[in-house]
Amino acid sequence: MDEKPNERGIHQWSDISQFPEHLTKYWHQRYRIWAEYNRGIWMTEDAWFGVTPEPIANKIAAHLAESAPKEKTIIFDAFAGVGGNAIAFARSGRWEQVFAIEKDPKTMKCAKHNAKIYGVQNKIVWSTGDCFDILKRRFAGNSNIIIFASPPWGGTEYSSEDVFDLSKMEPYNLEKLYRGFSKYTKHVVLYLPRTSDLNQLARYATDGKKVEVAHYCAKGASKALCAYYGDFNFDVEEEEDGGEVTSAQSPECCV
Ligand code: MGP
């Protein structure tokens with residue numbers, strides 16, 4: 001795709017010599033992050049560590065497609081970033097509507113462009129703004145929605161502690177996220193650090209219900225986890241897809 005970004009802060013890096021040095025490790029992962037990277041993916045600097053790598057985004061989309069109650073037809077990606085998850089949701093074909101919300105207009109431009117590369121730009125409803133405001137304006141009283149959120153974790157320092165304290169996550173901690181989203185639906189999926197404190201996650205389980213936590217792994221190591229709140233049915237047989245992404249549920253956090 002030939003379209004070039006013409007705005008400061010939006011990049012289409014095609015050569016390591018122009019690439020920010022502090023992000024070099026992500027340059028080497030670029031084809032694992034975007035299989036179609038060479039077709040002209042647009043990125044911001046921060047997007048390199050926040051975007052969900054494509055095989056993981058596809059795996060999460062497949063899990064959601066299989067496990068969400070059939071009557072739920074709308075998926076709301078609260079922090080769409082440069083589009084990784086929303087593109088995967090749209091490509092899964094499971095949803096009548098995929099909403100992608102992003103606060104930063106430049107990041108949003110990247111997401112729309114990247115969705116065009118994957119042929120799904122028109123299958124996504126895009127909104128630039130604060131996800132909590134948009135939920136309030138458009139989704140009060142809507143019962144068909146599943147909320148997926150891959151929030152900022154406060155930068156790349158999240159792995160400096162053995163256990164990540166979700167009460168300290170910036171700018172939105174677990175309390176703010178869960179309380180903010182659960183006003184609209186009990187089906188809330190959070191993409192969080194692999195080292196997240198599972199006891200903190202378990203505190204938000206509704207009485208007598210489990211919280212399913214799945215680790216999403218690449219090359220044998222967890223990259224991140226998803227906490228699934230609500231009635232997701234994971235009792236279905238998982239198909240072996242032969243890919244390099246695996247997931248493992250963590251029964252120890254079920255309550
Ligand atoms: P990472 O820890 O920055 O890189 O991100 P890496 O190389 O996988 O880790 P290392 O320890 O093996 O060197 C791992 C994954 O976490 C990324 O691919 C993103 O999907 C996710 N991720 C990282 N950060 C800092 C964020 C964030 O702030 N928000 C979200 N939603 N995801 C993040």
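Order of appearance sets the numbers: ligands from 1, and atoms from 1 within every ligand. For clarity, every value in this text was computed on a predicted model and none was experimentally measured.
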Identify the protein heavy atom lying closest to [atom], giving its residue, its atom name and the separation to 0.1 Å.
atom: atom 13 (O) of ligand 1; answer: K25 NZ, 2.8 Å
atom: atom 29 (N) of ligand 1; answer: P151 O, 2.9 Å
atom: atom 11 (O) of ligand 1; answer: R194 NH2, 2.7 Å
atom: atom 20 (O) of ligand 1; answer: Y191 OH, 2.8 Å
atom: atom 23 (C) of ligand 1; answer: F49 O, 2.8 Å

Show me which atoms of ligand 1 lie under 4.0 Å from any heavy atom of [X].
X: T52; value: 20 (O)
X: G155; value: 25 (C)
X: Q29; value: 7 (O)
X: Y158; value: 1 (P), 2 (O), 5 (O), 14 (C), 25 (C)
X: K223; value: 6 (P), 7 (O), 8 (O), 12 (O), 14 (C), 15 (C), 16 (O)
X: P152; value: 28 (O), 29 (N)
X: S150; value: 30 (C), 31 (N)
X: P53; value: 18 (O), 20 (O)

Looking only at atom types and distance, does a side-chain atom of [X] sit under 3.5 Å from a main-chain N or O of [Y], one as donor and one as acceptor?
X: H11; Y: F19; answer: no
X: W48; Y: W27; answer: no
X: Y229; Y: L201; answer: yes

Taking a cutoff of less than 4.0 Å between a non-hydrogen atom of the residue and any ligand atom, is V51 in contact with ligand 1?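 Yes, V51 has a heavy atom closer than 4.0 Å to ligand 1.
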Could you tell me whether ligand 1 has any atom less than 4.0 Å away from a heavy atom of P193?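 No heavy atom of P193 comes that close to ligand 1.
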Do K176 and F132 form a cation-pi contact, if we require the NZ or CZ to be under 6.0 Å from the six-membered ring centre and within 45 degrees of the ring's axis?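 The answer is yes; both the distance and angle limits are met.
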Return the minimal non-hydrogen interatomic distance between V188 and T185, and the atom names on each side.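 So the minimum-distance heavy-atom pair works out to CG2-O, 3.7 Å.
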Among K123, R91, E54, which residue meets the side-chain hydrogen bond (donor to acceptor under 3.5 Å, both in side chains) test with Y118?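 One option only clears the test, and that one is E54.
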Worked check of side chain to side chain contact (heavy atoms under 4.5 Å, CB included) between N85 and F79: CA-CA 9 Å; N85 292 107; F79 302 98; over 6 Å; no
With a 4.0 Å heavy-atom cut-off (strictly under), which part of [X] contacts ligand 1: side chain, backbone, both or neither?
X: A224; result: neither
X: K219; result: neither
X: S159; result: neither
X: Y26; result: side chain
X: I56; result: neither

Among F139, F89, W126, the one residue meeting ring pair (Phe, Tyr, Trp, His ring centres under 6.0 Å) with F99: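 Only one of F139, F89, W126 forms a ring pair (Phe, Tyr, Trp, His ring centres under 6.0 Å) with F99, namely F139.
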How about Y228 and F234: are their ring centroids closer than 6.0 Å?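 Yes, ring centres under 6.0 Å apart.
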Side-chain H-bond candidate by donor/acceptor type, S17 with D15, under 3.5 Å: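 Looking only at side-chain atoms, D15 and S17 do form a donor-acceptor pair, the distance falling under 3.5 Å.
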Using the salt bridge (charged side-chain N to carboxylate O under 4.0 Å, His left out) rule, take E161 and K168 through it: C-alpha gap first, then chi angles, then the decisive distance, then the call. CA-CA 12 Å; E161 299 289 327; K168 301 218 168 93; over 6 Å; no
Give a yes or no on whether M108 and V125 share a hydrophobic cluster (residues Ile, Leu, Val, Met, Phe, Trp, Tyr; joining criterion: side-chain heavy atoms under 4.5 Å apart).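 The answer is yes; both residues are in one hydrophobic cluster.
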Counting C-beta onward and ignoring hydrogens, is there a side-chain heavy-atom pair between I101 and F76 closer than 4.5 Å?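 Yes, at least one pair of side-chain atoms sits under 4.5 Å.
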Decide whether an N or O pair under 3.5 Å exists between W153 and ligand 1.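 Yes; the residue has a nitrogen or oxygen that sits under 3.5 Å from a nitrogen or oxygen of the ligand.
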